Amino acid sequence: MEKFVKNTILAAGNILLKSRKKNLKIEKKENAGYVTEADLECEKFIIESISNEFPGHSVLAEEGGEQLGHGEYKWIIDPLDGTTNFVHGLPCFCVSIACEYKDEIIIGAIYNPVTNELFFAEKGKGAYLNDEQITVSKKERVSDSLLATGFYYHKGEKLDTAIDKFRKLKQGSMAVRRMGSAAIDLAYTACGIFDGYWEKGISPWDVAAGLLIVKEAGGRVSNYTGRDSSVYDREILASNGLIHQEMVDLLNG
Ligand code: IPD
Ligand code: CA
Ligand code: CA
């Protein structure tokens, strides 16, 4: 499975890279940013690769919805995470592929084709960036930490709450970044660039791979109250573990 996932995500990333240079058809989704030809082409390629290799496996993909198979495996795919960056030419976007078995994520891969960074984790086997094992940071206090967050597409009241939390975490930390790709936020938390990341309004395909990569790198993942969370929860808090409780307190303070 590892070889298949790595080959597939590298090829999918190249599809995005090539599409960047073409004059793409771009549409705006209501309250949900853009969808481009690149998303669709990339997703089609990944789903076809999975059904050729593993006929019968289920698929949950951002653009195509859910396709039910008959087994206990489900692939959770974001063919392009960081679409707004992609559309505007900011080189911070990636492909995210995860495999769930009996309701547990067992494989996660995230690939940024511009920087050529491939993050990979298999349950129980550690997390890797381009074949080098990675671990979360060792920062012990939020005041020394570089954090990341995101804001989902809906505006209005929910945005006010998100900005309120942003203010608290910004005041409490060294700095906060907003990369525009939840998967990259998680990957960078796993390799210790970020010490923690939080976001509300995320979808399973945004976080499924990254959640496993952070855990396998020694980090902790929960909801905002610090309880274990699943990819189907709409909020996530990921950190190096050491600053987790402090982040929970700031998010709920
Ligand atoms: C979005 C990005 C963004 C996050 C949003 C996601 P998309 O995914 O991950 O960073 O803040 O919540 O929806 O639309 O680029 O695939
Ligand atoms: Ca996404
Ligand atoms: Ca997407």
Side-chain angles (χ1 to χ4, degrees), residues 9 12-13 15-17 19-20 24-47 59-66 75-98 105 108-114 117 119 147-156 158-159 161-163 165-166 169 176-190 193-194 196-214 221 223-224 229 231-238:
I9 203 163
I15 293 178
L16 295 184
L17 221 45
S19 327
R20 247 176 125 204
L24 283 174
K25 210 170 138 213
I26 298 163
E27 279 171 32
K28 261 188 158 179
K29 297 196 262 188
E30 197 170 340
N31 266 329
Y34 299 105
V35 61
T36 71
E37 267 176 5
D39 293 69
L40 302 173
E41 194 189 331
C42 190
E43 182 171 300
K44 186 165 173 270
F45 166 77
I46 298 167
I47 295 177
V59 169
L60 173 63
E62 177 168 16
E63 308 305 335
E66 191 152 13
W75 294 82
I76 305 176
I77 301 157
D78 194 339
L80 169 54
D81 188 56
T83 324
T84 309
N85 290 346
F86 180 86
V87 167
H88 290 263
L90 185 66
C92 179
F93 56 84
C94 63
V95 185
S96 173
I97 300 179
I105 306 295
I110 292 170
Y111 179 52
N112 177 341
V114 181
E117 290 168 309
F119 294 86
L147 307 177
T149 190
F151 299 94
Y152 72 133
Y153 294 100
H154 288 270
K155 295 175 181 133
K158 287 178 183 165
L159 181 61
T161 315
I163 286 178
K165 295 196 189 301
F166 181 89
L169 273 296
V176 182
R177 298 288 176 259
R178 197 281 197 246
M179 302 293 281
S181 161
I184 289 179
D185 290 327
L186 285 164
Y188 283 4
T189 302
I193 294 175
F194 295 137
Y197 156 72
W198 81 97
E199 183 165 352
K200 202 175 185 74
I202 36 101
S203 299
W205 43 81
D206 296 318
V207 295
L211 184 143
L212 178 68
I213 296 171
V214 169
V221 181
N223 60 18
Y224 282 7
S229 61
V231 294
Y232 303 98
D233 291 340
R234 301 299 311 264
E235 65 182 32
I236 188 166
L237 166 58

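For the single chain, residues carry numbers from 1 onward in sequence order. Remember, it's 1-based here, ligands and their atoms both numbered in the order they're listed. Bear in mind the structure is a predicted one, so any value in this text is a computation, not a measurement.
- Contact atoms of ligand 1 toward E62: 16 (O) (distance under 4.0 Å to a heavy atom of the residue).
- Distances from the Ca ion (ligand 2) under 3.0 Å pick out these protein N/O/S atoms: D78 OD2, D81 OD1, D206 OD1.
- In this structure the side chain of L16 never reaches within 4.5 angstrom of the side chain of Y111, judged on heavy atoms.
- Checked by atom type and distance alone, the side chain of N112 pairs as donor or acceptor with a backbone atom of V114 at under 3.5 Å.
- Between L186 and V214, the closest heavy-atom pair is O-CG2, 3.3 Å.
- The distance from ligand 1 to the heavy atoms of A182 drops below 4.0 Å at these ligand atoms: 2 (C), 9 (O), 10 (O).
- Nearest heavy atom pair, residue I184 against residue D81, reads N-OD2, 4.4 Å.
- Taking a cut-off of under 4.0 Å to the non-hydrogen atoms of T83, the atoms of ligand 1 that pass are 7 (P), 14 (O), 15 (O), 16 (O).
- Put simply, the side chain of E43 gets close to the backbone of G64: a donor and an acceptor are under 3.5 Å apart.
- For the pair T36 (side chain) and D39 (backbone), a donor-acceptor distance under 3.5 Å is present.
- Under a 4.0 Å criterion applied to the non-hydrogen atoms of E199, ligand 1 contributes the atoms 4 (C), 5 (C), 11 (O), 12 (O).
- When the options G180, G150, P79, A162 are ranked by their closest heavy atom to atom 10 (O) of ligand 1, first place goes to G180.
- At a heavy-atom cutoff of 4.0 Å, ligand 1 is contacted by the side chain of R178 but not by its backbone.
- Taking a cut-off of under 4.0 Å to the non-hydrogen atoms of F151, the atoms of ligand 1 that pass are 11 (O).
- The shortest N/O to N/O separation between L80 and ligand 1 falls below 3.5 Å.
- I110 and A209 make their closest contact through CG1-CB, 4.0 Å (heavy atoms, listed as atom of the first residue, atom of the second, distance).
- Between the Y224 side chain and the K200 main chain, a donor and an acceptor come within less than 3.5 Å of each other.
- For a threshold of 3.5 Å applied to N or O pairs, the pair formed by S181 and ligand 1 contains at least one separation below that value.
- Remark: side-chain polar atoms of R178 are not paired, donor with acceptor, to backbone N or O of G150 under 3.5 angstrom.
- Among D81, D78, I202, I184, the residue whose heavy atom lies closest to atom 2 (C) of ligand 1 is D81.
- A donor-acceptor pair under 3.5 Å links the side-chain atoms of N85 to the main chain of M179, judged by distance alone.
- Residues forming a side-chain contact (heavy atoms from CB on, under 4.5 Å) with A162 (at least two apart in sequence, or on another chain): F151.
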